[in-house]
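What follows is one structure encoded as C-alpha cells, with my remarks underneath.
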Amino acid sequence: MVEDLFNKITELAKRRGFFWPSYEIYGGIAGFYDLGPLGAYLKKNIVELWRKHFVLEHQDYVVEIETPIVGPKIVYQASGHLEKFTDPIVECMKCGRKFRADHLIEEKLGINVEGLSPEELTKIIKENNLTCPVCGGPLSEVKTFNLLFKTQIGPYEGNLGFIRPELAQGMFVAFKRTLEVMRNKLPLGIAQIGKVGRNEISPRQGMIRLREFTIAEMEYFFDPEDEENSCPDYNKVKFDEIKVITCNDKRKGGSPQILSLDEAVQKGIIVHKCLAYWMGVAQRFVEALGIPKSSIMFEEKCPEERAHYSSQTFDQLVKVSRWGWVEVSGHSYRGSYDLSRHEKFSGEELEVFKPFKEPKIVKRKKILVNKAVIGRMFKEKASEIISKIQNLDPDEIEKFISLNKDIIIDNLKIPKEAIKIIEVEEKVTGKKFLPHVVEPSFGIERLIYVVLEYSYKEKDGRVIMSIPRYLAPIKVAVFPLNESEKRLVEKAREIFDILKREFEVMYDDRGSIGRRYARADEIGIPAAVTVDYETLEDNTVTIRDRDTWKQVRVREKDLVDVLKKFIYKNLPLEDIVR
RNA sequence: GCGGCGGUCGUCUAGCCUGGACUAGGACGCCGGCCUGCCAAGCCGGAGGUCCCGGGUUCAAAUCCCGGCCGCCGCACCA
C-alpha cells in the first residue's frame, strides 16, 4: 500500500458527506452504512446511468418492476436459499475454529449425513468422540448458520418471513404476470433496483461488503432454442473486447486473455451469447462510470465457487488500491432452475407458449382404450384404471403387446384386446417451454466506492474529485467574486435561483474565491460559475472547469445551455463557446 | 468466530509506555467580524470533546487490568 487511498476516500466521505457508518452514535453496527447528502445524489446518478444502459436502451424488451423486500418462507424454500444457505457449524471450544459439521463427520467417519438435523449431528459427534481436526480440542453443539435475515410476518410466530438476499426471486415469482402484461413476448428482461440483506458473518472492507446493500439486477428470459432472436442487440457489442480469466486458467495458474465477446462465445468460453451480450453492456456501463478498461476484468467462477442455481458465472472485477480485484457485478446463467422450482412449489404453470410460424403436423402414438370392455370387467374401478392406462408410455405398451406379455395395473390383468396403439397426426401450433435466464447483477455501493476511488486526484496538495461530470452529485457551483460587494452577491444569488431549476447547484460566498474553488473541487463539482465586475456591466459570467481550471466567459442567457452541453454531453468548454 | 493492531473535538492527530500539574494540546475544517478584482492569503473572535462503552485496580485513570462494541489486517466465512 503506497498511499492509502481507501483511508483517504473514507475520511473524505465522512467529512464531506458521501457515506459513514450507520448508527454511529450507538457505536455503529458492522456492515451497515449511511449515505450522506452527496452519497445519496451520487447513488441516484449511478442508478440512473445503470437504468439508461440496461433498461432505457432496451425498452422494447426490458422492463423494470419493484417487489417486496420481505418474502414468505416458501419462496426461499423454492429458491433453495433456505437449504443451501444454511450450514451446520461446530465450533472448537479450545481454539475457536469453526467447521462444517457435516463435512467433518463425512471426512472422519466416511458416512453420509446429508439432511440430518443439528441434534442428530451433535449426537454422532458425541458418540464417536470427534474432536477439533486442528488442535484436538472438544467440539461444541452443532448449530446452524443461515445468511438469510429472518423475521416474522404478522402476529403469528410460525409465519416466518425472510429478507431477500438477492432481487431475483421477486422477478421469478412475478414472471408470469409480467410476461402477460408484456403481451407474452420473449425475450423479456425484468429489471429491478433495490435493497437486499445478507447476514454476513464478519463484514469488513467498508462499503465493499455490507449486510444491507443495493442491487441493480436483471433477469433476462429467453428461448434457449431460438438462437436467432434470443439476443436482438448482440451484434452491437459482439466486437467489444474483454479481459477474461477462465476457471481452467485459474486452476492451471494461467493468466487472463483478451478477446472479443464473440470470440469468447465461439470458443465456448462463454456458454451463451445472451450471457455475453449483457457482459458487454455491463462493461460499457462500468467504463461510463469512469473506470478505465485496463482496470476491468471478468473472472469465471469454478463449479465449487458458484451459487446453487448457476451453471456458469462470471464476475466483473474492478481493480482497487487496497484489495486488488473486487467484484462489482455477477453474470450467471441460471437456466430454467428458478422457474422450475417455483413451478414445483407453487403448483402454477410457468411455461411460456410460443406459436410456430406455421403449425407443424406431428405424428404421435396414442393409446386407445376400449372403455366398454374395461367398464364391464372392472365396474366402479374402471375410470381410475382407464386414466392410468392412458398415462402409460405408448412405446412401452407396444413392446409388451408384441412380446405377448401381460399388462398389469393395480394387480389386475388388463385384457390385450382392450388396448390398441394407433398413430395419429396432430397439428401442433406452438411449443411450451420454460425460458432460460441470464442474470447481470450489480452491487451499487461497491460502484459508489470505485467511482470515488477512480475520481480521486491530488493537485498542489488539494484534492480534486474528478467524478464523471454527469455523475457528479452537485453539478454547478455559483460564486460572487467578492462577498463584500453587495451587487455581486445579489447577482450571484439571482443566477443560483435560475440554475436551481435545472441542476443540483451549490451557492458559496464564504472565504476567498480560491478557497471556494477548492471546496467545490473536493466534492467533484464539475463547473463553477463566477459572477464578477464584468458581469455587472455586460451580463456575462465565467465558467471554470474543475479538471483543467480553465475559464470561459459566456452570456448569462446562454449559461444553462452551455452548462448542459458541458455536463451531459461531456464537451470541452472551449468547444462549446467557440 | 479466532489471532494481530487500533479507537482522543467535524476531520487528522499529540498525550498513553513511565497514572497526578490535562481546565485533554495542535492543525485543518466550521461559525461570526474585518479584509479580499480569480485558485485552500491574512488578522480578530467563537463554537465544538460520552478521551468507544461497561466494570475493576488506585487517594487519583485518556493513561494500568478485564469484558464488550466498532474499525482495519491475517485465518475462517463470503449462493
Side-chain angles (χ1 to χ4, degrees), chain A residues 1 4 6-8 10-17 20-33 36 76 79-87 89-100 132 134-135 137 140 143 145-148 165-166 168-169 196 198-206 208-211 301 303-310 313 322-323 327 330 332 334 337 439 441 459-464 479-485 488 509-522 528 530-536 542 544 546 549-551 553:
Chain A
M1 242 165 296
D4 204 341
F6 171 76
N7 281 347
K8 287 182 179 177
T10 308
E11 182 267 315
L12 176 72
K14 262 193 196 169
R15 190 162 46 78
R16 298 303 306 269
W20 55 74
S22 300
Y23 310 109
E24 266 187 309
I25 65 164
Y26 290 104
I29 298 181
F32 296 91
Y33 270 79
Y76 294 102
S79 73
H81 284 93
L82 264 178
E83 186 192 340
K84 308 276 170 135
F85 226 21
T86 308
D87 297 334
I89 286 175
V90 270
E91 190 181 346
C92 170
M93 319 266 262
K94 196 170 149 200
C95 70
R97 271 172 246 268
K98 286 194 167 186
F99 306 93
R100 282 282 295 268
C132 172
V134 176
C135 76
S140 70
K143 288 176 194 149
F145 186 79
N146 191 293
L147 258 52
L148 292 174
E166 57 170 14
Q169 300 314 319
V196 302
R198 298 179 189 183
N199 205 358
E200 299 281 355
I201 297 169
S202 74
R204 235 181 265 165
Q205 306 173 318
I208 301 293
R209 229 172 113 201
L210 299 170
R211 287 192 166 118
K301 305 310 271 184
E304 66 276 12
E305 300 171 314
R306 283 198 304 252
H308 58 274
Y309 50 69
S310 167
T313 296
R322 189 141 180 180
W323 302 291
E327 174 197 338
S332 290
R334 297 179 78 129
Y337 174 83
E439 171 200 85
S441 176
K459 185 170 173 179
D460 305 343
R462 298 166 34 166
V463 172
I464 297 161
F479 307 139
L481 182 62
N482 182 333
E483 74 167 303
S484 64
E485 176 57 62
L488 291 180
D509 61 13
R510 306 319 309 255
S512 70
I513 188 77
R515 184 190 292 257
R516 287 180 244 149
Y517 286 141
R519 274 201 287 260
D521 289 344
E522 198 185 35
T530 304
V531 171
D532 57 17
Y533 291 94
E534 240 179 289
T535 312
L536 301 176
T542 64
R544 168 190 177 271
R546 171 194 70 197
W549 293 13
K550 284 190 186 144
Q551 282 178 296
R553 185 165 281 280

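This one's a predicted model, so the numbers in the text were calculated from it and none came from an experiment. Chain letters run A, B, ... following the sequence lines, proteins first and then strands; every chain starts at 1.
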Next on the checklist: I need the CD1-P distance between A:I208 and B:G71, as an integer number of Å.
Outcome noted: 15 Å
Item to check | Residue pair A:D532, A:R553: steps toward the side chain to side chain contact (heavy atoms under 4.5 Å, CB included) verdict | outcome: CA-CA 11 Å; A:D532 57 17; A:R553 185 165 281 280; 2.5 Å; yes
Checklist entry - Under 4.0 angstrom, heavy atoms only, what part of the nucleic acid is A:W20 near: base, sugar-phosphate, or nothing? => result nothing
Checklist entry - Base, sugar-phosphate alone, or nothing: which one does A:R209 contact when heavy atoms must sit under 4.0 Å apart? => result base
Checklist entry - Of A:K14, A:K8, A:R15, which is the lone residue that meets side chain to side chain donor-acceptor pair (under 3.5 Å) with A:E11? => result A:R15
Item to check | Nearest listed nucleotide, side chain of A:Y533, among B:C78, B:G37, B:A41 | outcome: B:G37
Next on the checklist: With rounding to the closest Å, how many angstrom separate the C1' atoms on B:U23 and B:G15?
Outcome noted: 15 Å
Next on the checklist: Mind checking if A:V463 touches a base, just sugar-phosphate, or nothing, with heavy atoms under 4.0 Å?
Outcome noted: base
Checklist outcome for this item: Of the candidates B:C38, B:C72, B:C30, the side chain of A:R515 sits closest to B:C30
Checklist entry - Can you tell me the Watson-Crick or wobble partner of B:A27, both distances under 3.5 angstrom? => result B:U11
Item to check | RNA chain B: 5'-proximal contact among A:P165 and A:T530 (nearest heavy atom) | outcome: A:T530
Next on the checklist: When both hydrogen-bonding distances must be under 3.5 Å and the geometry is Watson-Crick or G-U wobble, what is B:C35 paired with, if anything?
Outcome noted: none
Next on the checklist: So, does A:N482 get its side chain near the phosphate of B:G37, meaning an N or O under 4.0 Å from OP1 or OP2?
Outcome noted: yes
Checklist entry - In whole Å, what is the span from the CD atom of A:E200 to the C1' atom of B:G1? => result 14 Å
Checklist entry - Looking across every strand, which nucleic acid part, if any, lies under 4.0 Å from A:G206 by heavy atom: base, sugar-phosphate, or nothing? => result sugar-phosphate
Next on the checklist: Can you measure A:E522 atom CD to B:C39 atom C1' for me and round it to whole angstrom units?
Outcome noted: 14 Å
Checklist entry - With a 4.0 Å cut-off on heavy atoms, is A:G17 in touch with a base, just the backbone sugar-phosphate, or nothing at all? => result nothing
Next on the checklist: Checking contacts here: which listed nucleotide (B:U36, B:C78, B:U11) is nearest the side-chain heavy atoms of A:R15?
Outcome noted: B:U11
Checklist entry - Within this structure, what is the CG-to-P distance between A:N7 and B:G7, rounded to whole angstrom? => result 14 Å
Next on the checklist: Suppose you measure atom C1' in B:C51 against the same atom in B:C22; what distance do you get, rounded to whole Å?
Outcome noted: 11 Å
Checklist entry - Should the pair A:E522-A:R462 be classified as a salt bridge under the 4.0 Å nitrogen-to-oxygen rule? => result no
Item to check | Protein-nucleotide distance (A:L210, atom CG; B:G71, atom C1'), rounded to Å | outcome: 14 Å
Checklist entry - Reckon A:P21 touches a base, only the sugar-phosphate, or nothing at all at heavy-atom distances under 4.0 Å? => result nothing
Checklist entry - B:G29 phosphate, OP1 or OP2: any side-chain N/O from A:R16 under 4.0 angstrom? => result no
Next on the checklist: When the P atoms of B:A14 and B:C75 are compared, how many Å lie between them, rounded to an integer?
Outcome noted: 29 Å
Checklist entry - If we call it a pair only when both distances are under 3.5 Å in a Watson-Crick or G-U wobble match, what pairs with B:C51? => result none
Checklist entry - So which of A:R544, A:R516, A:K459 actually passes salt bridge (Lys or Arg N to Asp or Glu O under 4.0 Å) with A:D521? => result A:R544
Checklist entry - Does a side-chain N or O from A:S484 land closer than 4.0 Å to OP1 or OP2 of B:U36, or not? => result no
Item to check | Quiz item: A:Q551 side-chain donor-acceptor pair to B:C38 base, under 3.5 Å | outcome: yes
Item to check | Spacing of the C1' atoms in B:G3 and B:A47 (rounded, Å) | outcome: 43 Å
Checklist entry - P atom, B:C30 versus B:A40: distance in rounded Å? => result 14 Å
Checklist entry - Reckon A:R198 has a side-chain N or O less than 4.0 Å from the OP1 or OP2 of B:C78? => result no
Item to check | Nearest-angstrom distance from the residue atom CG of A:D4 to C1' of B:G6 | outcome: 14 Å
Item to check | Closest nucleotide among B:C12, B:C39, B:G37 to the A:E11 side chain | outcome: B:C12
Checklist entry - Within the structure shown, what part of the strands sits under 4.0 Å from A:I513 by heavy-atom distance: base, sugar-phosphate, or nothing? => result sugar-phosphate
Item to check | Euclidean distance for P, B:G26 against B:C73 (whole angstrom) | outcome: 33 Å
Checklist entry - Within the structure shown, what part of the strands sits under 4.0 Å from A:T313 by heavy-atom distance: base, sugar-phosphate, or nothing? => result nothing
Checklist entry - Is A:I25 touching bases, backbone alone, or none of the nucleic acid, heavy atoms closer than 4.0 Å? => result base
Next on the checklist: Applying a 4.0 Å non-hydrogen cut-off, can you work out what A:S310 is touching in the nucleic acid: base, sugar-phosphate, or nothing?
Outcome noted: nothing
Checklist entry - Within the structure shown, what part of the strands sits under 4.0 Å from A:R544 by heavy-atom distance: base, sugar-phosphate, or nothing? => result base
Checklist entry - OP1 or OP2 of B:G33 sitting under 4.0 Å from any side-chain N/O of A:R510? => result yes
Checklist entry - Looking for any heavy atom pair under 4.0 Å, which part of the strands does A:R306 touch: base, sugar-phosphate only, or nothing? => result sugar-phosphate
Next on the checklist: In this structure, how many angstroms lie between the C1' atom of B:G74 and the CH2 atom of A:W323, rounded?
Outcome noted: 15 Å
Item to check | Nucleotide B:C73, atom P - distance to CZ of A:F6 in whole Å | outcome: 7 Å
Checklist entry - On a whole-Å scale, what distance lies between the P atoms belonging to B:U36 and B:C9? => result 37 Å
Next on the checklist: Give me the atom names and distance for the closest heavy-atom approach of A:H81 to A:P165.
Outcome noted: CD2-CG, 3.8 Å
Item to check | Residue A:I29, side-chain heavy atoms: nucleotide from B:C70, B:C35, B:C72 that is nearest | outcome: B:C70
Next on the checklist: Could you check, using the six-membered ring where one of them is a Trp, whether A:W323 and A:F6 have ring centers closer than 6.0 angstrom?
Outcome noted: yes
Next on the checklist: I'd like to know if A:E483 pairs up with A:R515 as an ion pair, taking the criterion as any Lys NZ or Arg NE/NH1/NH2 lying under 4.0 Å from an Asp or Glu carboxylate oxygen.
Outcome noted: no
Next on the checklist: Counting distance alone, no hydrogens or angles: does the base of B:C69 have a donor or acceptor under 3.5 Å from a partner atom on the side chain of A:Y26?
Outcome noted: no
Checklist entry - Mind checking the C1' distance from B:A24 to B:U13? Whole angstroms is fine. => result 13 Å
Item to check | Distance-only donor-acceptor test, A:R204 side-chain atoms vs B:G74 base atoms, 3.5 Å | outcome: yes
Item to check | Watson-Crick or G-U wobble mate for B:C22, both contacts under 3.5 Å | outcome: none
Checklist entry - On RNA chain B, nearest-nucleotide positions of A:F32 versus A:Y517: which is more 5'? => result A:Y517
Checklist entry - Contact class for A:E24 vs. all strands (heavy atom < 4.0 Å): base, sugar-phosphate, or nothing? => result nothing
Checklist entry - Given that both distances must come in under 3.5 Å, which nucleotide forms a Watson-Crick or G-U wobble pair with B:U63? => result none
Item to check | Assigned partner base of B:C75, Watson-Crick or wobble definition, under 3.5 Å | outcome: B:G1
